[in-house]
Amino acid sequence: MKDINELIEQRIKKLEELRQFGIEPFGGPFYAQDHASDILNKFGAYSKENLETNPSTCSLAGRIISMRDFGKAAFAHIQDITGKIQIYFKREILGEKQKLLKKLDIGDIIGLRGRLFRTKTNELTVEVEDFVLLTKSLRPLPEKWHGLRDIETRYRQRYVDLIVNPDVRKTFMKRGAIIKAIRDFLETNGFIEVETPMMQQIPGGATAKPFKTHHIALGIDLYLRIAPELFLKRLLVGGYERVYELNRNFRNEGISTKHNPEFTMLEFYVAYRDYNFLMSFTEELITYVANKTIGTLKIPYGDTMIDLTPPWPRIPMFDALIQNNFPSEILNDREKAKIWAEEHGIEIKDSVSLSKILDEIFKEIVEPQLIQPTFITDYPIELSPLAKRKSQDSNLVERFELFIASQEIANAFSELNDPIDQRERFLKQIEEKNIGDEEAQNMDEDFIRALEYGMPPAAGEGIGIDRLVMVLSNSQSIRDVILFPQLKPEQ
RNA sequence: GGGCCGCUAGCUCAGUAGGUAGAGCACCGCCCUUUUAAGGCGGGUGUGGUUGGUUCGAAUCCAACGCGGCUCACCA
């Protein structure tokens, strides 16, 4: 941060000179009446003559992002949250104040009022009648054509990325719109938003390694939540019928283009429904969000087009395997399945169960092909300790995952509400943990106690918001949809 | 964590038989009242990621380390 160079020194000098003129370079409030894009939209149809005969004034606040100074006149563009607009400084109008332009730099934030006109090239422009410096910028912005390309700097200094890369702004605006649309949809369908603990004594509700922290006054270790699931289901016991939480989860895993240690998850629960209901509901939710935020169900992703038009195929997991040439006769044969996997280049650890082997094979041979939205249903019970068994086959659970663009977007199931079965499943997890599965789930006695009071039959779902935003914004890396992705410390 | 690639001016990038570095934009000075990659004249502003090594001499060759990207592993 101490890399004071000549460019910064020059700007500090200008700042001091401005103070000598009695101008405060870090000013107070400025109540602009307008925004750049609003003006462009509102007056876009007004001709040059029109603007001359009906003078229209405006006031704006924003950052100077370019400057073309002629001495007695100057053009600049200023940028606000909506976009940019050209402004024109003219000595005839500003008088002595025109000289202040010498002390302004690209990057400074100003407030101004002026009159709209069109230039020779017909660009709608604000002729500045008065302006005030609101903030002096001491660091030079990246140059105007190539902008800021360096990925590391873009992530570390997202503020600069946002100033100079309009697409980045758009993506994060879209992210905000997507989240708002999700809330709108859930609220209109009778869901109530809640907040449950992020710091948990027993991390549960997912298979993942947690972050550990410590509470000094209580003298206990706490874990950042890996999922809100067990608390949301306690709320079903408490009487909530439709409930959701849209917030951060934390998982102590590697970082990649698809994983950030903290990520945003929507979890929602519906009493008196099952996973079949949720599949239809998910189609409605995602198509609502897509229509609302991008206005179409046919969206580009990488070099393919994704068509979100429902209904989406619903394929049982085992069928999906068989359709991809996995021999159905060895679905129940751990040894042969393991051999098949290894013959297809999939590494399998010795201790791993049949279900996990099938899951590995699925990830390897099926998942990459699930470009268009697809529900994969009916997972093996060992993979789903919180899900309800299928009545026709007690080795399977009523669960689905939604895949789009080869990514798992949603995971949902009919919730297990039998406290006795739940206790057995937890005990099974503890066995797994003892064998060495770091991610196996923990016993949560209070959760079982809650179930013992009676949880209505219910279905619950988690949607990975970052990944959904990736798909809807055609982003190839999760870091492009998280404002401040986790990075190693700078030096 | 493994493999591969990258790190040179504020930004985007050049620069190998090894001879202490260059372009555009930005910036500084002067000129210019409709420009928009404004233009004209003049100016290079640098801890070459860091630390060592080889060498008379290193941005360049070697090693270690740091950070980033891609990829594999793990997951959502």
Side-chain angles (χ1 to χ4, degrees), chain A residues 2-11 13-14 48 65-77 84-94 98 102 105-107 117-123 125 127 137-157 160 163-165 205-209 226-227 248-267 345-347 349 359-360 363 367 401-403 407-411 437-439 462-468 470 476-479 485 487-491:
Chain A
K2 291 176 295 193
D3 53 312
I4 298 292
N5 62 40
E6 190 181 343
L7 297 174
I8 292 178
E9 278 172 9
Q10 284 166 0
R11 290 186 177 210
K13 190 166 164 247
K14 287 181 188 171
K48 192 168 194 158
I65 55 165
S66 66
M67 174 80 88
R68 297 167 291 283
D69 191 356
F70 298 87
K72 294 191 181 66
F75 286 91
H77 275 87
K84 62 181 180 176
I85 189 167
Q86 182 165 262
I87 59 177
Y88 181 48
F89 298 93
K90 199 174 176 184
R91 176 144 191 215
E92 256 171 40
I93 293 172
L94 292 167
Q98 188 81 4
K102 286 265 175 220
D105 287 293
I106 291 170
F117 76 107
R118 283 188 185 277
T119 63
K120 277 181 181 169
T121 54
N122 216 33
E123 180 168 350
T125 301
E127 186 179 72
S137 167
L138 299 182
R139 280 183 188 268
L141 288 172
E143 59 129 316
K144 54 193 169 190
W145 335 330
H146 302 93
L148 180 62
R149 291 265 182 78
D150 184 77
I151 291 174
E152 182 174 357
T153 310
R154 286 187 44 224
Y155 294 152
R156 285 196 195 280
Q157 299 184 44
V160 181
I163 292 168
V164 301
N165 291 327
T207 49
K209 282 173 277 183
I226 54 177
R248 224 64 65 79
N249 288 348
F250 307 86
R251 297 190 186 174
N252 213 336
E253 313 280 353
I255 295 175
S256 76
T257 49
K258 293 185 169 49
H259 302 86
N260 195 60
E262 54 181 306
F263 62 101
T264 301
M265 180 85 124
L266 165 68
E267 279 202 21
I346 304 164
E347 247 182 80
K349 286 180 210 148
D359 191 41
E360 293 294 324
K363 281 179 180 160
E367 212 174 284
E401 293 190 341
L402 170 65
F403 292 87
Q407 294 190 60
E408 185 189 331
I409 300 292
N411 178 21
D437 184 351
E438 279 184 277
E439 296 185 344
I463 296 182
I465 297 302
D466 310 282
R467 291 192 176 171
L468 180 63
M470 283 171 71
Q476 305 303 312
S477 170
I478 200 168
R479 297 183 195 102
L487 298 173
K488 285 193 184 180
E490 202 174 346
Q491 290 172 341

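Per chain, numbering begins at 1; letters A, B, ... match sequence-line order. Predicted, not measured: the structure shown is a model, and the values here were computed from it.
- Nucleic acid contact class of A/E408 (heavy atoms, under 4.0 Å, all strands): sugar-phosphate only.
- Distance noted for atom P between B/rC5 and B/rC74: 24 Å (whole Å).
- In this structure A/E152 satisfies the salt bridge (charged side-chain N to carboxylate O under 4.0 Å, His left out) test together with A/R156, sequence neighbours excluded.
- Taking A/E262 as the reference, A/R248 meet the salt bridge (charged side-chain N to carboxylate O under 4.0 Å, His left out) condition, with sequence neighbours excluded.
- For A/A73, counting side-chain heavy atoms from C-beta on, the closest listed nucleotide (B/rC74, B/rG69, B/rU33) is B/rU33.
- When Watson-Crick and G-U wobble pairs are counted only if both distances are under 3.5 Å, B/rC74 pairs with no nucleotide at all.
- When the C1' atom of B/rG66 is taken as reference, atom CG of A/L487 falls 14 Å away, rounded to whole Å.
- Using P as the reference atom, B/rG39 and B/rA26 are 8 Å apart when rounded to the nearest Å.
- The side chain to side chain contact (heavy atoms under 4.5 Å, CB included) test applied to A/D359 returns A/M317, A/K363, A/L383, not counting sequence neighbours.
- Residues satisfying the ring pair (Phe, Tyr, Trp, His ring centres under 6.0 Å) test with A/F117, not counting sequence neighbours, are A/Y88.
- Between A/I478 atom CD1 and B/rU71 atom P there is a gap of 14 Å when expressed in whole angstrom units.
- Every residue two or more places apart in sequence or in another chain that forms a side chain to side chain donor-acceptor pair (under 3.5 Å) with A/T153 is listed here: A/D150.
- One finds no side-chain N or O of A/R156 lying less than 4.0 angstrom from the OP1 or OP2 phosphate oxygen of B/rG69.
- Salt bridge status for A/E92 with A/K90: present, with a side-chain N to carboxylate O gap under 4.0 Å.
- Between A/K488 and the phosphate of B/rC67, there is a side-chain N or O to OP1/OP2 separation shorter than 4.0 Å.
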Give every pair of a protein N or O atom and an N or O atom of nucleotides 25-32 of chain B that lie under 3.5 Å apart, one pair per line with the distance.
residue, atom, partner, partner atom, Å
B/rC25, O3', A/K144, NZ, 3.4
B/rA26, OP1, A/K144, NZ, 2.8
B/rC27, O2', A/Q10, OE1, 2.1
B/rC27, O2', A/Q10, NE2, 3.2
B/rC28, OP1, A/K14, NZ, 2.4

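- Residues A/P485 and A/R479 share a closest heavy-atom pair of CB-CG, 3.7 Å.
- Side-chain atoms of A/R68 and A/Q86 include a donor-acceptor pair closer than 3.5 Å.
- In this view, A/E408 satisfies the salt bridge (charged side-chain N to carboxylate O under 4.0 Å, His left out) rule with no residue, not counting sequence neighbours.
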Distances under 3.5 Å only, N/O to N/O: pair up the protein atoms with those of nucleotides 3-8 of chain B.
none

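- Using a 4.0 Å heavy-atom criterion, one finds that A/S66 contacts no nucleic acid atom at all.
- No hydrogens or angles were tested; on distance alone, nothing pairs the side chain of A/E123 with the base of B/rU34 as donor and acceptor under 3.5 Å.
- A/K48 is linked by a salt bridge (charged side-chain N to carboxylate O under 4.0 Å, His left out) to nothing, counting only residues two or more places apart in sequence or in another chain.
- With sequence neighbours excluded, no residue satisfies ring pair (Phe, Tyr, Trp, His ring centres under 6.0 Å) with A/F70.
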Show me the protein contacts with nucleotides 41-44 of chain B, counting only N or O atoms at under 3.5 Å.
none

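- Under the side chain to side chain contact (heavy atoms under 4.5 Å, CB included) criterion, A/A76 pairs with A/I64, A/M67, A/I87, A/F89, sequence neighbours left out.
- The base-pairing partner of B/rA64, taking Watson-Crick or G-U wobble contacts with both distances under 3.5 Å, is B/rU50.
- Within the 4.0 angstrom heavy-atom criterion, only backbone atoms of the sugar-phosphate kind lie near A/R479; the bases stay farther away.
- No engagement by A/G462 is indicated, since no non-hydrogen atom pair under 4.0 Å with the nucleic acid exists.
- Applying the Watson-Crick and G-U wobble criteria (two distances, each under 3.5 Å), B/rA26 pairs with B/rU45.
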